[in-house]
Chemist: 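First the structure, then my questions, so here it is.
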Amino acid sequence: MKKSNWKFILILGVVVVLLLAGANWYAITFNDWRLVAPMDFETYEFLPGDLPMWVAILLVNLYVIYLMVLLIRTVIANKRRLAKTKTTRKLDPRLGLLGFAGFFGCLGFWTYSAFHQVYPFIFFSFFGFFGFFYEGKMSDTLMDERFEENRVRADAAAHRVTQIMVFLTLLLVSRGALLGNLEYTLIAVLIVLSLTFAADLFLSEYLLYRYDHEDQLDESGED
Amino acid sequence: MPEFECRLKKYRQLKELTQEQLAQQVGVRRETIMRLEKAQYNPSLKLAVDISRAVDAPIEEIFLFP
């Protein structure tokens with residue numbers, strides 16, 4: 001995607017967020033929190049003061065639909081390009097920074113103690129996005145037979161490691177409740193499964209890069 | 001440890017082809033040709049045939065297995 005397209009998407013997103021914030025401010029200040037605070041929609045009646053919030057909600061939904069359409073178009077274009085050129089997808093290694101989103105998993109400790117909610121623990125799986133760093137380094141590479149062989153090797157090695165992680169977790173969990181508490185057991189399983197998923201994503205990309213580049217230091221490139 | 005001897009470099013140079021040119025002809029990356037020449041990569045039958053055609057030499061003279 002062109003840089004100008006990214007700018008357009010970003011500016012559009014900022015505008016939509018600002019409109020939503022403005023509509024929220026209007027509803028809180030002049031419209032008695034309508035459509036901001038939870039409402040019973042079975043008895044809902046439209047008031048002219050609701051209009052800014054409805055417009056903002058409509059725009060947010062349209063923006064999300066626009067993003068979905070863009071995503072689907074990009075995926076289809078990538079698949080077509082892949083079938084045509086047999087090269088890996090183009091990806092910026094800086095996307096690997098998204099891996100830091102895995103730390104959002106730590107929110108689970110807070111949400112569990114405050115609201116008994118455990119779902120944020122699955123954010124630990126975002127650590128797998130660190131693999132984008134290595135995938136980006138192998139971006140737009142011709143997928144010849146050696147590449148495909150290395151990919152199979154890397155996937156197999158990554159799956160082996162994650163299988164061991166799952167097996168060890170099963171062994172530990174099957175012994176009974178962790179610290180005498182079944183909820184702690186569920187949390188431990190959630191964390192380990194999320195980290196296992198992340199490890200599988202990361203390792204398959206990392207190992208593929210390593211296998212592809214091993215011994216390259218002594219490759220003189222003689223012609 | 002190489003399991004075979006590879007004489008690809010000799011035949012490639014006889015044909016006055018660079019690694020890049022040969023790689024393009026047979027549809028692989030230059031790195032794959034480098035590995036092949038060092039006998040660090042065991043090619044598929046199809047790639048071996050393609051290479052043998054590209055350098056005009058019989059497969060059994062390019063790849064020598066003990």
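Values reported hereafter were calculated over all heavy atoms of this structure, with side chains retained and with hydrogens, waters and symmetry mates removed. Order of the sequence lines fixes the chain letters, A, B, ..., with proteins taken first and strands second; residue numbering starts at 1 for each chain.
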Chemist: Which heavy atom of B:R29 sits nearest to which heavy atom of A:L142, and what is that distance?
Modeler: CD-O, 3.0 Å

Chemist: Is the number of heavy atoms from other residues, nucleotides or ligands within 6.0 Å of OH (A:Y66) greater than 12?
Modeler: yes

Chemist: Kindly indicate, with the supporting measurements, whether the criterion side-chain contact (heavy atoms from CB on, under 4.5 Å) is fulfilled by A:F147 and B:E31.
Modeler: CA-CA 10 Å; A:F147 182 92; B:E31 290 86 347; over 6 Å; no

Chemist: Can you establish whether the number of heavy atoms outside A:F167 located under 6.0 Å from its atom CZ is more than 12?
Modeler: no

Chemist: Which pair of non-hydrogen atoms, one from A:Y211 and one from B:R35, has the smallest distance, and what is that distance?
Modeler: O-NH1, 4.3 Å

Chemist: Under a 4.5 Å cutoff for heavy-atom pairs, which residue among A:K86, A:E149, A:M143 has the most contacts with chain B?
Modeler: A:E149

Chemist: To the nearest 0.5 Å, how far apart are CG in B:L36 and CZ in A:R146?
Modeler: 8.5 Å

